[in-house]
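Notes follow once the structure below has been shown.
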Amino acid sequence: MKKELLTVIVPCYNEQESLFYFYEEIVKIAEQMKSLNFEFLFVNDGSKDQTLSIIKELSHKDKRVRYVSFSRNFGKEAAMYAGLEHSKGDYVTLMDADLQDPPALLIEMYSAIKNDGYDVVGTRRVTRKGEPPIRSFFARCFYKLINRMSKVEMVDGARDYRLMTRQVVDAILSLKEYNRYSKGLFSFVGFDTKWIEYENVKRVAGETKWSFWKLFIYALNGITAFSTVPLILSGVIGILFCLISFIAIIVIIIKTLTVGDPTVGWPSLVCIIFFVSGVQLFCIGIMGQYLSKTYLETKHRPIYVVKETDKN
Ligand code: UDP
Ligand code: MG
């Protein structure tokens with residue numbers, strides 16, 4: 001019987017320090033999973049260091065190593081999408097290059113798909129050890145918020161590290177949106193998913209590519225991509241303010257008719273004007289977010305641009 005193929009997709013952005021450790025580890029796991037053929041697909045996301053030359057070196061040594069290299073940095077979402085598009089495997093896994101996604105879990109993940117009939121096995125960090133506490137705090141708030149607002153469930157601590165069957169990969173590839181938020185896309189396509197939990201692992205080398213600001217923008221992107229509740233919210237706030245002002249007008253009319261209108265209270269008036277115009281700007285901002293996303297989607301720009309692959 002022909003052996004099935006497992007593709008390991010590795011998005012890499014400035015990972016020269018971690019690549020060798022990663023390659024060593026993944027090869028060890030591949031040796032333990034003898035019933036499968038492996039394909040290691042590195043996606044170089046416009047790295048400015050030696051990442052690409054290290055990948056090329058690996059591909060000369062090892063026929064299983066393939067690569068796709070972008071013309072510039074397009075972000076991890078684009079790198080994952082490119083990996084999925086170029087993967088040939090019957091099973092596909094997405095793994096970070098920094099060994100924060102323990103390759104050893106792959107054995108258990110594969111067995112869940114092969115023996116227990118799952119379509120997807122996802123991984124979840126149950127601790128956020130080694131992460132700045134403020135970041136963990138905001139991450140938790142974000143998951144609470146987005147799960148209230150979106151019908152698609154987002155699992156707190158879920159990683160992009162997962163093993164999928166070809167059917168699931170094709171389903172994800174059929175979602176061609178430009179503003180990609182993979183955690184949501186993975187839940188959106190559904191399928192029987194098993195979650196494996198593990199403790200947070202520190203990066204083997206190099207530094208995280210995510211600043212607080214980048215994560216904040218990414219979180220906003222996740223909300224606007226998977227929920228329209230903010231739009232409803234801005235409408236509700238508008239109605240609320242109309243009601244309040246309507247009641248206030250009636251109160252003022254009655255007051256003027258009964259006790260007259262001494263001209264006092266302009267500071268409070270200024271405060272109210274500031275407050276209401278603030279709310280208006282906020283609501284316009286929310287609408288602007290959705291509009292800008294729609295604008296970008298209608299341009300139909302490619303999600304990434306390839307400069308070279310292992311074939312040339
Ligand atoms: N990454 C990428 N493009 C980017 C940023 C990150 O391909 O613009 C890759 C990075 O090389 C790594 C993975 O995405 O393999 C996760 O990045 P990182 O470890 O910096 O994120 P963290 O684990 O801190 O969330
Ligand atoms: Mg990492």
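Note that ligands are numbered from 1 as they come in the structure, with each ligand's atoms numbered from 1 the same way. Just so you know, these numbers come straight off a predicted model, no measurement behind them.
Its N, O or S atom nearest to the Mg ion (ligand 2) is what matters here, and for Asp98 that atom is OD2.
Sparse packing is recorded around NZ of Lys144, with 12 or fewer heavy atoms of other residues, nucleotides or ligands lying under 6.0 Å away. Within 6.0 Å of atom CZ in Phe212, more than 12 heavy atoms from other residues, nucleotides or ligands are found, so the atom counts as buried in its surroundings.
Applying the salt bridge (charged side-chain N to carboxylate O under 4.0 Å, His left out) test to pairs two or more places apart or on separate chains, those with a residue in residues 153-165 are Lys76-Asp160, Asp96-Arg159, Asp101-Arg159, Arg128-Asp156.
A distance limit of 4.0 angstrom between heavy atoms and ligand 1 selects the residues Pro11, Cys12, Tyr13, Glu15, Asp45, Asn73, Gly75, Lys76, Asp96, Ala97, Asp98, Gln100, Arg203, Thr208, Lys209, Trp210.
A distance of 11.5 Å separates CG in Leu163 from NZ in Lys114, rounded to the nearest 0.5 Å.
A donor-acceptor contact shorter than 3.5 Å links the side chain of Thr193 to the backbone of Phe191.
Taking the ring centroids of Phe74 and Tyr304, they lie at or beyond the 6.0 Å cut-off.
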